[in-house]
Every structure is written in C-alpha cells, then in structure tokens.
Amino acid sequence: RAKAKFWLVGNEYILFIGEHYGYERLSFPVIHKRIIFFDKVLLTWIICDRIPERLNHQIVTSLHFAFGAQFKSATTSDLEIYLPQDKEHKIISITLLQDSLFMPAMNDSFASCSYGTKRSTSILRWAWDDKSQEFGFVITTNALGTKNTEQISNAYRRYYEALDNVAEYC
C-alpha cells in the first residue's frame, strides 16, 4: 500500500513526498517515506528515502536503466552512466548521499515496454544500513556544463528550501 502525501509542480521544481506501508507486516514494522525533488533549472534529481526508526535493517536501492546503458564507479558513492556507443561522454552522474555498504553493481535483468515482451537491460544496486535513517542519491546531467559538486550543492540548497515550506509532510 502506498500513499502520496504531497505533490507540487512548480515553475522551478517538482516535489513529491510519498509513503509505502508494505513493510508494516514485518516483525519490526517500518513505514518507508520517499521524497523526489526535480530541479528544473539545475536539471538535477534528488531522491531521498527515510525510515523513522533504527531497526538494524539493510536497505537496498535499485535503479532500472534504459536498454543498453552502462556504468562505471570510481568509489562507493560516485557513479557515471554511459550509453554503450559513446563511453567517452557520460549522460548522467549519480552521487550517493552516503557511501554504500558494498561497491554498487550493475546486474543483468529484463524490462518490458509492452505487455508480453521483455528485453535485456541493467539494474544498478547498492545498499545502506539504517543508522542514518535517511539515505538516497542525486542524479545530475551534463547539460549545464558546470562541475558536479557545484550543481549538487546548489540543488541541495534548493531542495532544503522546498522542504522547509512543506515540513509537516516530511
């Protein structure tokens, strides 16, 4: 069971806050909250997951990519995504909010564009423990020509400004 708690489509950003109640059936129940922020000006996504209690869980995140996308990782917190025909120019960068418990790994999988069909694709997976209670990642593009650190810093500032306006939903 999932519920949208807040959704705003503004001129400069889109902000979504939702909750998932599927883990309430576990012996240590938990509500999973996800915040998705897309900065239209900086072309940056911030996706943040929150769990309210520390329950000694390992949290695994998966991203499903378009057909043929590939990645390389320099560290347990920085990843670059490429199209297979152009490995010189990254199309997006992913920066994790915390170091992953293990080196992020791209796994072969399948996706479907229409009912009854499936094509090979890749899924990127990494994990955190729940000590921080907040975990997530930032996706940046190369479209602005700025350094990733500057783009991420500005996006975080705008993200927290947006959250301040809707604190009752966080």
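Quick note: numbers below take in every heavy atom, side chains included, and nothing from hydrogens, waters or symmetry partners.
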*Asks:* Check P29 against E24 and note the closest heavy-atom contact, atom names and distance.
*Replies:* CB-O, 3.3 Å
*Asks:* Please name the pair of heavy atoms, one in K40 and one in I14, separated by the smallest distance, quoted to 0.1 Å.
*Replies:*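 Scanning both residues completely, I find the closest heavy atoms to be CE-CG1, 3.6 Å.
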*Asks:* Atom CD1 in I36, atom CG in L15: separation rounded to 0.5 Å?
*Replies:*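 Between atom CD1 of I36 and atom CG of L15 there are 9.5 Å.
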*Asks:* Shortest non-hydrogen contact from L43 to Q151?
*Replies:*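 Looks like O-NE2, 3.7 Å.
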*Asks:* Report, one line per pair, each donor and acceptor closer than 3.5 Å where one atom sits in a side chain of residues 16-23; sequence neighbours left out.
*Replies:*
unit_1	atom_1	unit_2	atom_2	d
E19	OE1	Y21	OH	2.4
E19	OE2	K33	NZ	3.4
H20	ND1	G22	N	3.1

*Asks:* Quick one: list whatever passes side-chain contact (heavy atoms from CB on, under 4.5 Å) with S114, sequence neighbours left out.
*Replies:* T117
*Asks:* For E12, which residues count as a side-chain contact (heavy atoms from CB on, under 4.5 Å) partner, sequence neighbours excluded?
*Replies:*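 E12 satisfies side-chain contact (heavy atoms from CB on, under 4.5 Å) with V41, R158 only.
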*Asks:* Please give me the minimum heavy-atom distance between A155 and T44, naming the atom from each residue.
*Replies:* CB-CG2, 3.6 Å
*Asks:* Can you sort out the partners of K118 under side-chain contact (heavy atoms from CB on, under 4.5 Å), two or more places apart, ordered by chain and number?
*Replies:* F110
*Asks:* Distance check, rounded to the nearest 0.5 Å: R34 atom CZ versus I47 atom CD1?
*Replies:*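 R34 CZ to I47 CD1: 6.5 Å, rounded to 0.5 Å.
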*Asks:* If you measure from NZ on K5 to CD1 on I35, what distance do you get to the nearest 0.5 Å?
*Replies:* 12.0 Å
*Asks:* Which residues pass the side-chain contact (heavy atoms from CB on, under 4.5 Å) test with Y160, not counting sequence neighbours?
*Replies:*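 Partners of Y160 by the side-chain contact (heavy atoms from CB on, under 4.5 Å) criterion, ordered by chain and then number, come out as E134, Y156, L163.
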*Asks:* Tell me every residue that passes ring-ring contact (aromatic ring centres under 6.0 Å, His included) with F37, counting only those two or more places apart in sequence or in another chain.
*Replies:* Y13, Y159
